[in-house]
Structure formats: C-alpha cells, structure tokens
Amino acid sequence: MSYTRVMEAEGHLIDSGLMAKIMDTIILNGGEFEILNFDIGRTNDDFSRLRIKVTAPTKECFEIINNSLLLLGCFSTGMKPITTKEAPNDGSVPPDFYSTSNHTTEVFFDGEWHTVRNQRMDAPIVIKEGQAYCTLLRNIKKGDLVVCGSEGVRIKPEFKDRDRGEFSFMSNEISSERKVEIAVRELAKMMKRIKSHNGKIVIVGGPVVVHTGGVESLSLLIREGYVDALLGGNAIAVHDLENALFGTSLGVNLATGKPVDAGHRNHMAAINAVNSIGGIKRAVETGMIKSGIMYECVINEVPFILAGSLRDDGPLSETIMDLVEAQKAYAEQLKDTELVLMLATMLHSIAAGNMLPASVKTVCVDINPAVVTKLSDRGSSQARGIVTDVGLFLHLLAREIKEQSGLNTGRKNSKQRNPFLTHISKTGIV
C-alpha cells in the first residue's frame, strides 16, 4: 500500500532554491513525485505556482515528507480545516499539537485562511474569538482550543534570495575585511532607511563589545537614535560600567591593552559601587557614571533589558534573574522590530532569534563563524552573518553612519537629557 497526496506551492520557487529543495526532500526521504503543473512567473516580481503529486511507500515515510514539505511552503490541494482539541490542563497541550516555525503561518477554518498572530518559533497555535495566535506553552490555559496535526496549516517562507534591495548585500560567506567594509556600508544605508520612517532597531550585545573597544562607537549609535532597545546579559553592563569607572574591561586597560594592578577586582568594584548607589540610572543621575553604553541608554531613554544567568557576578540590581520574566521583557522589546543587530553573544542571540518572525532582518556579527551557523541551525534562517572583530565592525559602522549623515561627534539636542539631569549638570555633578 502506498500513500499519495497532491500538494501545491507558490512563490519565487526557482531563484529562492525552494523548487530543488522540494524535490530533494521527497527523494531523500524515500518518496516519489510527479509534477502535474508548473507555471513559471513571467517577471522577477511574479510568483511561480506548482502542483505536485507526492507518493510514499509507508505512512511513516509519508508523514516525514509531508511535514518537511509543509516547512517549505507546500500545502495540500483541497485543504481541509484545521483540527483543534482542548488543552487538558494549564501549561499543557494535546500530544499531537502543531508546533510553529518562525515563518508566516496561516490556518484554515470558517472557510478562509487566517494569518497566525504573534508569529514565533516553537509555539502551539490557539484559536480564540475567531483569530489564531502563537502562544507559549506556559501560557496555555485548560480548555484552550489548540491546533493539532498539520492539516489546514500552511507556511509562507521568506524568499530572501529574491530580495534585490537593502538586504541582498548580506551573505553568510562574508569573511574578508574588504567584504566587511562593503557590508557595513550597505548596513548603514539600511539603518538610515529604517530610521527615516521611524522603524525599530534593536541591539543584542555581549561583553565582547566592551573588551574589543566598541563602547564609543555603540554609544554614538545610541546617541544618534539608531538604537531603540538594548538586550543583553549582566556582563555587557558590568564591563561597560567597569570601563566608565576604571578604564578597564576584565582588568585590562583598554587604552594600553595591558592588565592593571589588581584589575581582576575592578568589575566587582563596579557592581558594588553601582548597586550601592541605587542602580545604573541613579549612578548616571548622580554623575558617578559619565560615559559609556549604559550612560547613553539612560540619558537617551533607550530601554535596556539585562537577562541573568547562573554565571553572573553580583549581579547588577537591574539584571532580571527570573528567567520567565527576562523572556517576557525580551519579547516585549522585540515587538514590531524591523532590524536586530546581534553583537558577539551566541546565547542571547539565539534567545532573541527564537522570538522573532522570519520577516525581521537579522544581522549576526561575531569573530567565530560557528556562531552564525548555530543561529541558523536553531531555526533563524533569516540571519545573515558578518565574520569579524565586533569592535572593528562597530568602528566601521559608526564611521559610515557619521559620514552618510554628516554628523559630528557632538550630542543631539533632542532627547538628550531629562530635566533632572539638566539641573544637576548646572551644579557640576555631571
């Protein structure tokens, strides 16, 4: 007995590579295909449309092929409505629940396709009041209608290879310094375009930003309005504050590159000083902290989220040590984001990537190419990589932003300081 189904797909199937992937998926998993119809788009903007008959020798083989094709944007001809089942308890779903990818997903019920809201990967889909939502497993309530199986579900992959515009300059093969400069130049243009229509840019950063001398450059980006939120862990803030107070990062003088005497305690001294005065914002307000990434976030009212971990020293009082609350805070800041720039922090980058729909432009910068690969392997297929030293990258990016915008190094007048900071500045505290 064989299992057969006619499936359809539409989009930029040829130059995005999806056509080859569809056929390879069927063959490599032991199935056979017959192309019933293939209409090729006549222009670079037109979609191609495919009808393909898929045959598999066993039910298990058929399910593997079907689920794999679903992720490539295929859907069954004569689509049946979704199957929903009630959640048995709070925080649990039926065993056959559908788990989302980060690609735009639609579900079929009430005679039409409905786009799933709050798109993200690894989430059940709940139907509520005629709408479909991605919902975290921990937020499931007993009795919620959960989509089960893959019937009535279709995915719309991002056709990134057809993007001839502002994101086409990126590729995971970028490695040489010459190519890095080209990528940075185009990235700066893209960031300017995003900010021209008040689009949102989020930075996910690790302490290597500080270690490699990227503080001044990232500070300029924040100051000039190119950062709408900063996400990271305890360490990026700790070492930024250490640098602001002592001129060191991990006890190494950033001006000379040499360790300082007893410098190993500087980061702990920074944590102690800032926590003793009441936290980062208070340290800026009182004039204890007069420069750096956290300083610019405070005076420019850019929200920052510091997610804690088991390895954190201190931690700083603003660091969120409750994992669930930290996830919520990250997700809130990532809403409606147009570009996420991930700077030398694999774990926080993967965490943020898991919360993003594939439509969000994502750039990962790291000296280790395996970090970019790891991000893609976790499902963030939209991520593009720049393999270089993050300090060099930020220096080049800040230079491009300044040159393209005609900026000087002074601070902007708008949204520069709140009234309290202006007052204490006159007293000489800041």
Side-chain angles (χ1 to χ4, degrees), residues 1-40 47-85 88 92-109 113-114 116 119-125 127 132 134 137 145-161 354 358 373-374 376-382:
M1 179 180 178
S2 62
Y3 294 80
T4 300
R5 176 173 289 177
V6 176
M7 305 191 77
E8 299 182 11
E10 62 179 22
H12 299 304
L13 302 178
I14 298 177
D15 56 355
S16 67
L18 283 175
M19 187 67 180
K21 290 179 182 178
I22 289 170
M23 294 186 289
D24 287 346
T25 295
I26 296 169
I27 297 301
L28 292 175
N29 287 288
E32 298 178 354
F33 67 83
E34 177 185 353
I35 296 177
L36 304 178
N37 189 49
F38 186 38
D39 293 328
I40 301 175
F47 277 3
S48 297
R49 289 172 174 81
L50 168 71
R51 291 183 72 248
I52 187 169
K53 181 180 178 182
V54 181
T55 303
T58 66
K59 183 178 180 180
E60 292 76 14
C61 177
F62 179 79
E63 289 299 325
I64 291 172
I65 293 173
N66 180 71
N67 292 335
S68 299
L69 292 180
L70 185 67
L71 292 174
L72 295 175
C74 296
F75 56 94
S76 298
T77 299
M79 183 64 77
K80 298 178 182 178
I82 53 171
T83 298
T84 59
K85 299 178 183 178
S92 64
V93 291
D96 59 342
F97 76 98
Y98 179 83
S99 183
T100 61
S101 69
N102 60 351
H103 293 293
T104 299
T105 304
E106 296 181 335
V107 291
F108 191 74
F109 63 92
W113 289 102
H114 298 257
V116 178
Q119 186 67 52
R120 58 168 294 159
M121 68 173 69
D122 302 330
I125 299 174
I127 307 300
C134 282
L137 188 61
L145 293 179
V146 179
V147 175
C148 294
S150 59
E151 193 71 67
V153 179
R154 71 180 182 187
I155 291 172
K156 293 186 174 182
E158 298 296 317
F159 303 113
K160 61 185 182 183
D161 291 340
N354 288 352
T373 303
K374 183 71 172 178
S376 297
D377 288 345
R378 280 291 300 123
S380 299
S381 57
Q382 79 275 22

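Basis for what follows: all heavy atoms, side chains included, without hydrogens, waters or symmetry-related copies.
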Separation between CE of Met7 and CZ of Phe75, rounded to the nearest 0.5 Å: 9.0 Å
Rounded distance [0.5 Å steps], OG1 in Thr104 versus CD1 in Ile155: 9.5 Å
Ile40: side chain to side chain contact (heavy atoms under 4.5 Å, CB included) partners, not counting sequence neighbours: Ile14, Phe38, Ser48
Evaluation steps, side-chain contact (heavy atoms from CB on, under 4.5 Å), between Ile26 and Ile52: CA-CA 11 Å; Ile26 296 169; Ile52 187 169; 3.9 Å; yes
Partner set under side chain to side chain contact (heavy atoms under 4.5 Å, CB included) for Thr100, not counting sequence neighbours: Tyr98, Gln119, Ala123, Ile125, Cys134
Qualifying salt bridge (Lys or Arg N to Asp or Glu O under 4.0 Å) pairs with a residue from residues 27-39, counting only residues at least two apart or across chains: none
Of all pairs that satisfy salt bridge (Lys or Arg N to Asp or Glu O under 4.0 Å), the ones with a partner from residues 100-109, not counting sequence neighbours: Glu106-Arg154, Glu106-Lys156
Thr105 side, atom OG1; Leu71 side, atom CG - distance, nearest 0.5 Å: 9.0 Å
Residues forming a ring pair (Phe, Tyr, Trp, His ring centres under 6.0 Å) with Phe109, sequence neighbours excluded: His114
Asn66: side-chain hydrogen bond (donor to acceptor under 3.5 Å, both in side chains) partners, not counting sequence neighbours: Arg5, Ser150
Within-4.5 Å side-chain heavy-atom neighbours: Leu137 and Pro124: yes
Point-to-point distance, once rounded to the nearest 0.5 Å, from CG of Leu145 to CD1 of Ile127: 7.5 Å
Residue pairs fulfilling salt bridge (Lys or Arg N to Asp or Glu O under 4.0 Å) with at least one residue in residues 51-64, sequence neighbours excluded: Glu8-Arg51
Results of side chain to side chain contact (heavy atoms under 4.5 Å, CB included) for Pro57 - residues two or more places apart only: Cys61
Closest contact, heavy atoms only, His12 versus Asp15: CB-OD1, 3.5 Å
All side-chain hydrogen bond (donor to acceptor under 3.5 Å, both in side chains) counterparts of Asp96, not counting sequence neighbours: Lys85
Interatomic spacing from CG in Leu50 to CD1 in Ile35 - rounded to 0.5 Å: 6.0 Å
Residues that Phe108 engages under ring pair (Phe, Tyr, Trp, His ring centres under 6.0 Å), provided they are two or more places apart: Trp113
Among Thr4, Ile22, Leu69, side-chain contact (heavy atoms from CB on, under 4.5 Å) partner for Val54: Leu69
By side chain to side chain contact (heavy atoms under 4.5 Å, CB included) - contacts of Ile64 (at least two apart): Asn29, Ser68
Atom pair CG (Leu70) and OG (Ser101), whose distance is rounded to the nearest 0.5 Å: 8.0 Å
